[in-house]
Amino acid sequence: MADTTLPLAISMGEPAGIGPDLILRLYARQAELRLPPFIVFGHFDFLAARAARLGLSIRLEHSMPTEAAARFANALPVVHVEGLVPDKPGEPTALSGKVVIESIAQATNATVTGACRGLVTAPIHKAVLYTAGFKYPGHTEFLAALCDRDGNLSMPVMMLAHEELRVVPATIHVPIRDVPGLLTQELVAETGRIVAHDLRTRFGIAAPRLGFAGLNPHAGEGGKIGTEDLDIVAPAVAQLQHEGIMAEGPIPADTLFYLPHWRHYDAVIAMYHDQALIPIKTVAFDEAVNVTLGLPIVRTSPDHGTAFDLAGTGKGSDASFLAALRLADRLTGGQA
């Protein structure tokens with residue numbers, strides 16, 4: 001368990017988006033919300049300008065992680081990342097791409113090395129990052145590369161969580177037409193192993209129960225509506241059962257996500273992105289948290305994007321970011 005006297009690390013995310021706003025707004029209420037100490041990795045002057053734009057009377061201080069907890073009650077600790085970051089809400093620019101990438105890298109490194117006990121990432125805008133040399137499909141893959149110090153890192157897995165409801169997509173940002181070809185027995189089984197492991201070690205669930213959604217309608221109906229569930233999902237579930245993991249499936253997705261059924265499992269593994277995200281966003285659009293499993297660190301993130309139209313306005317819900325902070329705190333031994 002991480003040292004709870006250490007701060008959580010926060011990467012500031014896309015400057016033109018709502019992420020910095022939410023960090024600053026939550027810090028302004030840190031005493032009221034009893035937030036765990038955190039330190040922001042980002043551009044100091046930009047964060048000060050955005051706080052002023054939002055009318056927030058808060059102090060920012062240059063800080064190191066070792067100083068953050070002591071300073072947190074009186075000032076927002078910031079690790080300054082050099083670069084050009086204009087305060088132009090809703091107007092993403094390639095100028096800030098390198099700062100965003102570096103803020104993620106530094107926040108992750110501080111967590112991997114133990115200077116911070118967990119990582120919370122604000123939303124990014126990948127189109128801007130690509131112009132700055134970003135070479136990864138997404139945030140999760142970049143974090144996995146940053147954490148992989150010896151070439152033995154397990155596969156990163158994305159979980160969306162809200163209270164006791166948790167769902168994991170086996171495939172993520174790929175076209176629907178590619179999903180059947182990407183699903184393999186080993187992918188489904190390895191996803192289940194990682195989920196079960198992290199539910200035990202991070203969430204404290206001694207004997208996790210996993211439900212696996214079928215890919216096809218009615219879970220293939222015995223092979224009459226596609227054979228993937230018979231050929232891939234069912235053998236993967238049987239393999240996990242043989243390894244001592246409590247797994248069931250394939251289960252028709254249209255009944256699996258009926259809330260009384262969903263709550264029977266500690267996590268549900270879906271076969272593709274929307275099969276997983278539609279149900280969790282239906283029940284908890286503003287409060288679900290993105291958790292990356294399979295990393296040597298705890299990483300959470302709000303389950304929303306950059307919301308360019310709300311940036312700099314002081315509007316928009318901070319519930320998901322708050323939930324991400326609280327979950328990172330709880331998974332690293334805190335009481336939030």
Side-chain angles (χ1 to χ4, degrees), residues 92 123-131 134-145 153-161 165-195 210-240 247-258 261-262 265 267-285 288 290-294 301 303-308:
I124 59 174
H125 186 56
K126 288 183 290 185
V128 167
L129 302 191
Y130 291 141
T131 65
F134 192 71
K135 303 183 187 306
Y136 299 89
H139 219 151
T140 299
E141 293 84 357
F142 183 39
L143 292 170
L153 186 67
S154 61
M155 175 180 72
V157 170
M158 183 175 82
M159 170 185 281
L160 281 301
L165 297 175
R166 307 178 188 92
V167 63
V168 171
T171 63
I172 308 177
H173 299 119
V174 297
I176 287 289
R177 66 175 178 271
D178 293 344
V179 170
L182 292 170
L183 284 176
T184 64
Q185 180 179 334
E186 183 53 29
L187 172 65
V188 176
E190 182 63 8
T191 301
R193 290 187 196 102
I194 292 168
V195 173
L210 306 183
F212 287 76
L215 170 68
N216 297 299
H218 304 175
E221 207 164 88
K224 295 179 181 178
I225 313 176
T227 61
E228 292 87 356
D229 295 296
L230 281 176
D231 297 341
I232 298 171
V233 184
V237 171
Q239 184 176 343
L240 293 172
E248 297 179 16
I251 305 166
D254 60 352
T255 57
L256 176 56
F257 287 107
Y258 173 53
H261 294 172
W262 191 354
Y265 300 100
V268 165
I269 289 82
M271 296 301 109
Y272 57 94
H273 182 277
D274 283 13
Q275 189 184 53
L277 270 67
I278 288 173
I280 194 77
K281 290 198 173 187
T282 298
V283 300
F285 186 84
N290 184 340
V291 188
T292 304
L293 311 182
S301 182
D303 181 30
H304 59 68
T306 50
F308 289 126

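Just the heavy atoms: all of them, side chains too, but no hydrogens, waters or symmetry mates, feed the values below. The residues of the chain are indexed from 1 along the displayed sequence.
- Heavy-atom minimum distance, G305 versus P123: O-CG, 3.5 Å.
- Ring geometry, H173 versus H273: the interplanar angle falls from 30° to 60°, so the pair is classed tilted.
- For residues 174-186, the set of pairs meeting the salt bridge (Lys or Arg N to Asp or Glu O under 4.0 Å) definition, not counting sequence neighbours, comprises E186-R193.
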Open item on the list: Please evaluate residues I232 and L187 with respect to the criterion side chain to side chain contact (heavy atoms under 4.5 Å, CB included), reporting the C-alpha separation (whole Å), side-chain torsions for both, the decisive distance (0.1 Å), and the verdict.
Closed with: CA-CA 9 Å; I232 298 171; L187 172 65; over 6 Å; no

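- Listed for the T140 side chain is no donor-acceptor partner under 3.5 Å among the backbone atoms of V157.
- For the atom pair T292 OG1 and I194 CD1, the distance stands at 11.5 Å (nearest 0.5 Å).
- For the pair T227 (side chain) and G223 (backbone), a donor-acceptor distance under 3.5 Å is absent.
- Within the 4.5 Å cutoff, the side chain of N290 has heavy atoms near those of the M158 side chain.
- Contact check for Q275 versus L215: no side-chain heavy atoms found under the 4.5 Å cut-off.
- Rounding to the nearest 0.5 Å places CG of L183 at 10.5 Å from OH of Y272.
- Smallest separation of non-hydrogen atoms from A253 and A213: CB-CB, 4.2 Å.
- The side-chain heavy atoms of H218 and D229, taken from C-beta on, include no pair separated by under 4.5 Å.
- The two residues R166 and A161 come nearest to each other via the heavy atoms CG-CB, 4.1 Å.
- For the pair V168 and L210, the minimum side-chain heavy-atom distance is 4.5 Å or more.
- Below 30°, between 30° and 60°, or above 60°: for F142 and Y136 the angle between ring planes is between 30° and 60°, a tilted geometry.
- Between P235 and D231, the shortest heavy-atom contact is CG-O, 3.4 Å.
- Considering all non-hydrogen atoms of both residues, V233 and P250 come closest at CG1-CB, 3.6 Å.
- F212 is listed as a side-chain neighbour of L240, based on a closest heavy-atom distance under 4.5 Å.
- Considering every non-hydrogen atom in both P217 and I225, the closest pair reads O-CD1, 3.8 Å.
- Annotation: side chain of T282 is not in contact with side chain of F257 (no heavy-atom distance under 4.5 Å).
- Ring planes of Y130 and F134: tilted class, angle from 30 to 60°.
- The line from CD of E228 to CG of N216 is 5.0 Å long, rounded to the nearest 0.5 Å.
- No donor-acceptor pair closer than 3.5 Å links the side chain of D303 to the backbone N or O of K281.
- The closest donor-acceptor contact from the side chain of E141 to the backbone of P137 lies at 3.5 Å or more, if one exists at all.
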